[in-house]
Amino acid sequence: MTASSTLPMTAKPFVSKDAFLSSMRRLASGVSVITTANKEAACGLTATAVCSLSAQPPRILCCVNQKGETFRALKSNQNFCVNLLSSKDQSVARRFAGMDDLNGEDRFAEGHWTTLSTGAPALLTAVTSLDCTVEAALDYQTHAVIIGQVVDVRNENEIDPLLWLDGAFAELGSKS
Ligand SMILES: Cc1cc2nc3c(=O)[nH]c(=O)nc-3n(C[C@H](O)[C@H](O)[C@H](O)COP(=O)(O)O)c2cc1C
């Protein structure tokens, strides 16, 4: 049986870009800054496409646009650090999303940064930082799925994450 023959007769075979985006706007996501560095330079971007892949072994994945500066650097450095932002770091998120027209090293002028094991910048105020080496990078059209081997973590005690929902930054109202 082919995949198409399993579709109900009424199913539409294609979903428009607008319909897809409208659906994805309803997905509440944590906001991370993914950084990478070598001895000479660091760069990074804001990302919501980050998730856990497995706990044993500890692996995460993220999806990064291959046209950007950060992807090129990450591929060459073979390291990255995922910094899950706190609600207080909305301006850091804007900066690393290119909303202030800054690129490369200039994005790091705001925030307090350290390094863990790989040398990729870790934000001291992040809710958590996951320091990774690149285990695999799978090309998929505009983006690449990057699988990271988590080699170090740093956790803040307070968990107050920055969210992205319906095209805007948001904060968690309550937890239960
Ligand atoms: C809330 C938000 C989430 C984003 N998520 C991603 C993402 O998951 N992957 C990605 O490649 N770009 C994402 N972007 C876009 C990048 O942050 C932006 O294009 C950045 O300037 C790329 O930097 P670079 O040129 O250094 O690669 C996101 C932007 C925003 C505002």
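Counting starts at 1 for both ligands and their atoms, in listed order.
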Quiz item: Is there a nitrogen or oxygen of Thr70 sitting under 3.5 Å from a nitrogen or oxygen of ligand 1?
Solution: yes
Practice problem: Would you check the N or O atoms of Leu45, main chain and side chain alike, for any that come under 3.5 Å of an N or O of ligand 1? | Solution: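 For ligand 1, there is no N or O atom that lies under 3.5 Å from one belonging to Leu45.
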In terms of atom number and element, which parts of ligand 1 are under 4.0 angstrom from non-hydrogen atoms of [X]?
| X | answer |
| --- | --- |
| Phe96 | 17 (O), 20 (C), 21 (O) |
| Asn65 | 10 (C), 11 (O) |
| Gly98 | 21 (O) |
| Trp164 | 1 (C) |
| Ala49 | 8 (O) |
| Val64 | 11 (O) |

Practice problem: Can you measure from CZ (Arg154) to CG (Asn83) and round to the nearest 0.5 angstrom? | Solution: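 Reported to 0.5 Å precision, the distance equals 9.5 Å.
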Quiz item: How long is the span from the CG atom in Leu85 to the OG atom in Ser32, to the nearest 0.5 Å?
Solution: 6.5 Å
Practice problem: Anything under 30° is parallel, anything over 60° is perpendicular, the rest tilted; go ahead and classify Phe108 against Trp113. | Solution: perpendicular
Quiz prompt | Heavy-atom gap Arg107 to ligand 1 smaller than 4.0 Å | solution =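 Yes; Arg107 lies near enough to ligand 1 that a heavy-atom distance drops under 4.0 Å.
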Quiz item: With a 4.0 Å heavy-atom cut-off (strictly under), which part of Cys63 contacts ligand 1: side chain, backbone, both or neither?
Solution: backbone
Practice problem: Measure Arg95 to ligand 1 on non-hydrogen atoms and call it side chain, backbone, both or neither using the 4.0 Å cut-off. | Solution: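 Looking at Arg95 and ligand 1, no heavy atom falls under 4.0 Å.
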Practice problem: Say whether, by atom type as modelled, one donor and one acceptor occur between the side chain of Gln66 and the main chain of His143 under 3.5 angstrom. | Solution: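 Side chain of Gln66 to backbone of His143, a donor-acceptor pair under 3.5 Å: yes, one is there.
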